[in-house]
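Each ligand, and each atom within it, is numbered from 1 in the order the structure gives. Here, residue 1 is the first one in the sequence, and each next residue gets the next number. Small disclaimer: the values here were computed from a predicted structure and weren't measured.
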Amino acid sequence: MKVWKATCLSLKIEIQQILIMHNEKVDVLIVGAGPAGLSCAKALGDSNLNVLVLEKNKIVGPKVCAGGITGLAPGKELPAGKAVRFHNQHLFVNDRQSLIRLEQPISMIDRRALGDLQTGELKQFDNVRVRTGKRVVKLTREHVVTRDGGRISFRYLVGADGATSVVRRHLGLTTRFYAGIQYILGTVHDRCCWFVRPRRLRTGYAWIFPHTNFTSAGVYFNPKLVTFSKAKKCLVSILDKHNLDYSDARFESAPINCMYYGIKFGNILLAGEAAGLVSAASGEGIPYALTSGEDIGRHILNPWYDFDKICCLLRYKRRQEMILKAMDSLSPLLQEMMFTLFMKLMMNERVRSHIEGAA
Ligand SMILES: Cc1cc2nc3c(=O)[nH]c(=O)nc-3n(C[C@H](O)[C@H](O)[C@H](O)COP(=O)(O)OP(=O)(O)OC[C@H]3O[C@@H](n4cnc5c(N)ncnc54)[C@H](O)[C@@H]3O)c2cc1C
């Protein structure tokens, strides 16, 4: 009898634990542990809110990305040793090369290292937890459901789940995809290079970004104007020209969502690429992700805070996209002329610092 009672009791406790686990309640639920989700979690650290980040992957960080962070992310300095910095930028318009020295260097960081850095910063906060291997598959305005059947209710939901965001889809927002492809080379190139080839890539561009122990070489392009195979062919011809061996390199590709409608939709907020916060002109998304995540955190803590920092970046995104639209309407020959003019202007220190300052 005693054994029977003890078994029933332990069964009851287990069932209760399962129910708690499967019907959890938090104040802020963040979907996605990319730069946007983690910077939002950090902004909410040390508050009296119970914050949970759900990440579908087992490891936080790795993502198809070249890892270049420009001066658009001020105050987000990366510790020495984690990133390589380049003031000198080698620009190629077709085969004409020029060297531009930027005041604000471009930092190259491995996305795994950025993930480690951001999760490390969260360890000091008792109110923030990051749970990996948890893919959100369904949601309502009150709760989400994970693939393993877990159900978590929230007061605020932050969709920071990237280009193909399930949270964005739930809100019924459409997307506009650009594309990025890259080879991850095992060797370290000595220069940071940008390539413009309007006849082949239109207003897209190719890059070679050296990191501490590898190099990312890739192409950013508009798939409505350039096919995937043309972009890859162009990349391969650049690598051949620069004697870079890609025979053992890893090839990767991913969509990039640039369509922005807003951040706040009632108690659901969108950060980073889930919000379409990427410049369609450059494909740059990390500074937008870091800034929007932080702004959302600040807004949740103080509803009067009106997303000031991301509004500044949005003005920059819109300006760049207006120029992109004008450039897209030109023939490849005119585009070449405009890029050459831009390159010449960037050689001028006053113009360059004005353009950098405007960012
Ligand atoms: C080839 C390529 C090169 C790029 N290079 C650069 C560059 O050099 N500089 C730059 O600034 N930008 C670059 N970008 C863009 C940049 O990678 C993104 O804009 C940036 O990562 C957006 O950050 P995020 O936090 O919004 O989303 P992500 O970094 O995509 O993070 C989203 C997270 O959510 C998780 N997730 C997704 N769905 C779910 C779900 N259902 N449940 C739980 N978790 C989920 C994902 O696993 C991921 O960890 C590049 C993009 C590509 C494709």
Heavy-atom distances under 4.0 Å decide this one: backbone, side chain, both or neither, for L54 against ligand 1? backbone
Please report the interatomic distance OG(S216) to CH2(W207), rounded to the nearest 0.5 Å. 5.5 Å
Answer yes or no: does an N/O atom from V166 fall short of 3.5 Å to an N/O atom of ligand 1? no
Taking non-hydrogen atoms only, is I286 closer than 4.0 angstrom to ligand 1 via side chain, backbone, both or neither? both
Polar contact flag for K56 and ligand 1 (N/O pairs, less than 3.5 Å): yes
In the protein, what heavy atom is nearest to atom 38 (N) of ligand 1, and what distance, to one decimal place, separates them? D161 CB, 3.5 Å
Determine whether the side chain, the backbone, both or neither of A36 has a heavy atom under 4.0 Å from any heavy atom of ligand 1. both
Distance to 0.1 Å, residue and atom name: give those for the protein heavy atom nearest to atom 23 (O) of ligand 1. A289 CB, 3.5 Å
For atom 30 (O) of ligand 1, what is the closest protein heavy atom, and at what distance to 0.1 Å? K63 CE, 3.2 Å
Aromatic ring proximity F265/H170, centre distance under 6.0 Å: no
How are the rings of F214 and H211 set relative to one another: parallel (under 30°), tilted (30 to 60°) or perpendicular (over 60°)? parallel
Taking atom types as modelled and ignoring hydrogens, do the side chains of N257 and Y178 form a donor-acceptor contact shorter than 3.5 angstrom? no
Same cluster or not: are I296 and L301 linked, directly or through other Ile, Leu, Val, Met, Phe, Trp or Tyr residues, by side-chain heavy atoms under 4.5 angstrom apart? yes
Note the single closest protein heavy atom to atom 35 (C) of ligand 1, along with its residue, its atom name and the distance in Å. E55 OE1, 3.3 Å
State the atoms of ligand 1, each with its element, that fall below the 4.0 Å cut-off from a heavy-atom position in A66. 3 (C), 4 (C), 5 (N), 6 (C), 8 (O)
Taking all non-hydrogen atoms of both residues into account, name the closest pair between P210 and V84 and its distance. O-CG2, 4.1 Å
Return a yes/no value for F209: is any of its N or O atoms, backbone included, closer than 3.5 angstrom to an N or O of ligand 1? no
Nearest non-hydrogen atom to atom 12 (N) of ligand 1 belongs to which of G293, S107, G285? G285
Would you mind running through ligand 1 and noting each atom that sits below 4.0 Å from a heavy atom of G67? 7 (C), 8 (O)
Do any nitrogen or oxygen atoms of G180 come within less than 3.5 Å of a nitrogen or oxygen of ligand 1? no
Indicate the ring-plane relationship of F195 and H242, choosing parallel, tilted or perpendicular according to the 30° and 60° boundaries. perpendicular
Any chance the side chains of Y316 and S279 put a donor and an acceptor closer than 3.5 Å? no
Heavy-atom contact check, 4.0 Å cutoff: does K134 meet ligand 1? yes
Atoms of ligand 1 under 4.0 Å from any heavy atom of V64, numbered from 1 in the order shown, are 1 (C), 2 (C), 51 (C), 52 (C), 53 (C)
How far does CG of N222 sit from CG of L225, to the nearest 0.5 angstrom? 4.0 Å
Mind listing the closest non-hydrogen atom pair of I286 and G67 along with its distance? CD1-CA, 4.2 Å
In ligand 1, the atoms that come under 4.0 Å of a heavy atom of G32 are 33 (C), 34 (O), 35 (C), 44 (N)
Nearest neighbour of atom 14 (N) of ligand 1 from the list S39, S279, S292, G283, on a heavy-atom basis: G283
I256: numbered ligand 1 atoms lying under 4.0 Å from its heavy atoms: 51 (C), 52 (C), 53 (C)
Please confirm whether P287 approaches ligand 1 to less than 4.0 Å, judged on its heavy atoms. yes
Mind checking whether L235 and Y183 have side chains closer than 4.5 Å, heavy atoms only? yes
Does the ring centre of W194 sit less than 6.0 Å away from the ring centre of F209? yes
Single-linkage hydrophobic cluster, 4.5 Å side-chain cutoff, V219 and V196 together: no
Is the contact between A160 and ligand 1 made by the side chain, the backbone, both, or neither, using heavy atoms and a 4.0 Å cut-off? backbone
Check this for me - ligand 1, G68, N or O atoms closer than 3.5 angstrom, yes or no? yes
Would A163 count as a polar contact of ligand 1, with the cut-off being nitrogen or oxygen pairs under 3.5 Å? no
Treating Ile, Leu, Val, Met, Phe, Trp and Tyr as nodes and any side-chain heavy-atom pair under 4.5 angstrom as an edge, say whether V26 and V167 lie in one connected cluster. yes
With H143, the side-chain contact (heavy atoms from CB on, under 4.5 Å) member among R151, E24, K25: R151
Flag for E142-S153: side-chain donor and acceptor within less than 3.5 Å: no
Suppose we measure from atom 41 (N) of ligand 1 to each protein heavy atom; which comes out shortest, and what is that distance? V136 O, 3.0 Å
Quick one: nearest non-hydrogen protein atom to atom 17 (O) of ligand 1, plus distance? C65 SG, 3.2 Å
Nearest protein heavy atom to atom 27 (O) of ligand 1, by residue and atom, and its distance? G162 CA, 3.7 Å
Please write down residue, atom name and distance for the protein heavy atom closest to atom 31 (O) of ligand 1. G34 CA, 3.5 Å
Note: ligand 1 atoms sitting under 4.0 Å from heavy atoms of G272 are 26 (O)
Is there any N or O on G37 that sits under 3.5 Å from an N or O of ligand 1? no
Stacked cation flag K224 on F177, 6.0 angstrom / 45 deg: no
Counting from 1 in the order shown, the ligand 1 atoms closer than 4.0 Å to a non-hydrogen atom of N57 are 47 (O)
Verdict with reasoning, H299 to F307, per ring-ring contact (aromatic ring centres under 6.0 Å, His included): CA-CA 7 Å; H299 176 83; F307 308 104; 4.5 Å; yes
Using a plain distance cutoff, I'd like to know if E273 has any nitrogen or oxygen under 3.5 Å from a nitrogen or oxygen of ligand 1. yes
Atom indices of ligand 1, in the order listed, that fall short of 4.0 Å to a heavy atom of E284: 10 (C), 11 (O), 12 (N)
When you look at R111 and E252, which way does the salt bridge (Lys or Arg N to Asp or Glu O under 4.0 Å) test go after all the steps? CA-CA 14 Å; R111 288 294 301 263; E252 320 176 309; over 6 Å; no
Within the structure, does Q182 bring an N/O atom to less than 3.5 angstrom of an N/O atom in ligand 1? no
How many angstroms lie between atom CZ of R129 and atom CG of L52, to the nearest 0.5 angstrom? 5.0 Å
Please determine if R111 has a nitrogen or oxygen closer than 3.5 Å to a nitrogen or oxygen of ligand 1. yes
Applying a 4.0 Å heavy-atom criterion (strictly less than), which segment of V31 is in contact with ligand 1: side chain, backbone, both, or neither? side chain
If you measure from each non-hydrogen atom of V278 to ligand 1, which part falls under 4.0 Å: side chain, backbone, both or neither? side chain
